[in-house]
Structures are given as C-alpha cells and as structure tokens.
Amino acid sequence: MSSPDLNLLLTLDALLAEGSVARAAQRLRLSPSAMSRALARLRDTTGDPLLVRAGRGLVPTPRALELRERVGHLVREAEAMLRPAAGVDLRRLVRTFTLRGSDGFVENFGPALVEHLRAEAPGVRLHFRQKTSKDSAPLRDGTIDLDTGVVDAGTSPEIHTRALFRDRFIGVVRHGHPLSNGPISPARYAAGRHVLVSRQGLDRGLVDEALQALGLQREIASIVDGFCAALALVSVSDLISAVPERYTRNLRGHLYSFALPVTTPEITVSMLWHPRTNSDPAHKWLRDCVRQVCAQ
DNA sequence: AAGATTACCGACCCTATACA
DNA sequence: TGTATAGGGTCGGTAATCTT
C-alpha cells in the first residue's frame, strides 16, 4: 500500500481556504484544469467530495469544514519546519550537551567551560563522558554531541573536525625529585623509573621511540590509561611521566615540569562532531564556546 | 458568461532490461 | 557495476465541453 501524496495537503489547504478551483489554482500558480484534477485526486484519496457544485461555484462538505482549520495548521507547521533555523535564544535555551574527552579534559577545561556556558546560557547543562575509545558511532547515533581528541586514520571520514590547539609532551616529577635539580640529559632521564600513559595498554610510546633513536631505553615501572592517574602516581613517588603540556596545565600545579630531553612529535587536539549537528545553531554555539575556552 | 470538468498531449520521473 | 534505452505512470497545460 502506497502512502498518500503529502503535496495534496498544500492543494487541500488552498482549495478549502479559497473555496474555488480557479482561485486555488491562481494561488498555487497552476491552471484551473490542473487544480481540478488535483481536487479529483483529493476526492479519491479522502473518499469525500470535499467541494460540491452549488450553482456556478463550490461549497464545502462537512468533512471539508472539519479539515479546513486542521490542514491550515498542518501546512503552517510544515512550512515553519522547513524554514532555515533562526538564531538560538541562549538565555532561554534548555538543553543538555554530552561531551566526550580523554582523561583530564574535564579537570583541565571543564571549569572554564562550565563558567563560560553559565554566563551565556544558564539553562544549558554539560554531561562529560570519558573517552574509552575513538569509536565514531556515538557521534553518529547522537549518544554524544561533541568529541575531543586527536584525529587520525581511524576517524570516520564523514565526521567534521576542527583543530583546537597544538600540544607537546613534557616531563613531570614530584618536587624534590632528583630530576627537579640540574640539567636533564637523555641518559639521566632514561635512567629513571617511568609511568607510561596508554589507553590501549601498549607497553611503549613516542618517548621510547625517541630514546631508542639515541640508543637509550627507559624502565616502564607502571602503565596507566589516563593522564590523571599518571600524575597521581608521580605526585607520591619517584616515578617520571610524560604528558601533554596544555592538556594537563591545571593538573600539574604542585608538580615539577620540564622539557623532555628528546624530541617527540607535536599533537593536535581537535573537536569532532557529526554532520547531522553541523547547522544546529545551539551546537554551533557550543563548538564556539569550546574553541574559545581551549584557545585561552 | 463564468467557473468546473474532461480529452488529449507532452514533459518528466521511475523501473526494468539489455549490454559493455 | 555502470550506462543506455524503452515503457508505463503521473502531472500540468491547452482547448473543448458541461453546468448553472
């Protein structure tokens, strides 16, 4: 069974509003004959004559009178739905956005972001979710609204991305740690005991590759799946960790940071969103907020 | 005479089929 | 798998016809 032609709703609206085939035709820029045939299709679809001859003109049937107001509302509603979205009223916006970020995103950027949103849109709530994988499916199905992280070959091609900031890895130890005094050579750095951050559970990373190029090797004493855990371990032990500088700025207040004695590639942290939300004015505003907070 | 309807025709779209 | 073609269906226009 085929669904009815919804274009007929526009025809019905014009016919019932005008009460005349000729005037309805004029309104929809059709010939009277085309409108007459459209009326015939409507009669066939609804099973009601809708407009019947009365002298030279037409008069509505009870069913037509019943439909007149309803179809009018329906058409206005549909037209409004298809118009480009107007700007969003931030003071009255009530909405929850779900943001996904790697370990440390909330701790580092969350406070500024929440404050920024509170000032502009007090009805907006943020739901921060931990990034346990790079899977794009939650963006696609709307489970999360905005993702942050490093874009790589595994990122789905349809996903929109925008760079937020570039970052570089630095070394971190507790204050009073031997490395907090004096120059740090690659050999001196490699001689310490290290904590490696790896979400995938790998046992070596970029720093190990850089050390290997110099003929050095470090001892990985511990592997954790997030920067917060690494910094927590570093703060109460003699372990050494390498973390992104900007990404962990607010988390290293009581720790000693230093430039790594080896060169590691810079990373670009981006935000990622699905094309479905690209034109949504509220989502646009959220992206702008995240961009501003991360640029500070 | 005015407005509604119908016959006929062309344009367009969709689908099935053949073929490279 | 992609492209070309034929056939059928739908819809709108013109012109003619019908109804009041």
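Just so we're clear, the structure is a prediction, and the values are computed from it rather than from any experiment. Below, chain A is the first sequence line, B the second, and so on; all start at residue 1.
Side-chain atoms of A/Ser31 stay outside donor-acceptor range of the base of C/dT14, with no qualifying N/O pair under 3.5 Å.
Using cut-offs of 30° and 60° for the angle between ring planes, the A/Phe227 and A/Tyr247 rings count as perpendicular. The aromatic rings of A/His175 and A/Tyr256 lie perpendicular to each other, with more than 60° between the two planes, well past the 30° mark. Aromatic ring pairs are classed by plane angle as parallel below 30°, tilted from 30° to 60° and perpendicular above 60°; the pair A/Trp273 and A/His283 is tilted.
Remark: A/Arg37, A/Leu39, A/Arg43 in residues 37-50 of chain A come within less than 4.0 Å of DNA chain B through at least one heavy atom. Near DNA chain B, meaning a heavy atom under 4.0 Å away, the residues from residues 17-30 of chain A are A/Ser20, A/Val21, A/Ala22.
Atom CG of A/Leu10 is separated from atom P of C/dC11 by 14 Å (rounded to the nearest Å). With rounding to whole Å, A/Arg53 atom CZ is found 5 Å from C/dT19 atom C1'. Atom CE of A/Met35 is separated from atom P of C/dG13 by 10 Å (rounded to the nearest Å). One interatomic measurement links the two molecules: CG of A/Asn7 to C1' of C/dC11, which rounds to 11 Å at whole-angstrom precision.
A salt bridge between A/Arg100 and A/Asp135 is absent, with no side-chain N of the basic residue lying under 4.0 Å from a carboxylate O of the acidic one. A salt bridge links A/Arg291 to A/Asp288: at least one charged side-chain nitrogen sits closer than 4.0 Å to a carboxylate oxygen.
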Between A/Asp208 and A/Arg218, does a salt bridge (charged side-chain N to carboxylate O under 4.0 Å, His left out) hold up when you go through it step by step? CA-CA 7 Å; A/Asp208 298 282; A/Arg218 64 176 181 169; 2.8 Å; yes

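Atom CZ of A/Arg70 has 12 or fewer neighbouring heavy atoms from other residues, nucleotides or ligands inside a 6.0 Å radius. Counting non-hydrogen atoms of other residues, nucleotides and ligands closer than 6.0 Å to CZ of A/Arg129 gives a total of 12 or fewer.
A/Asp5 comes within contact range of the sugar-phosphate backbone alone, with a heavy-atom separation under 4.0 Å but no base atom that close.
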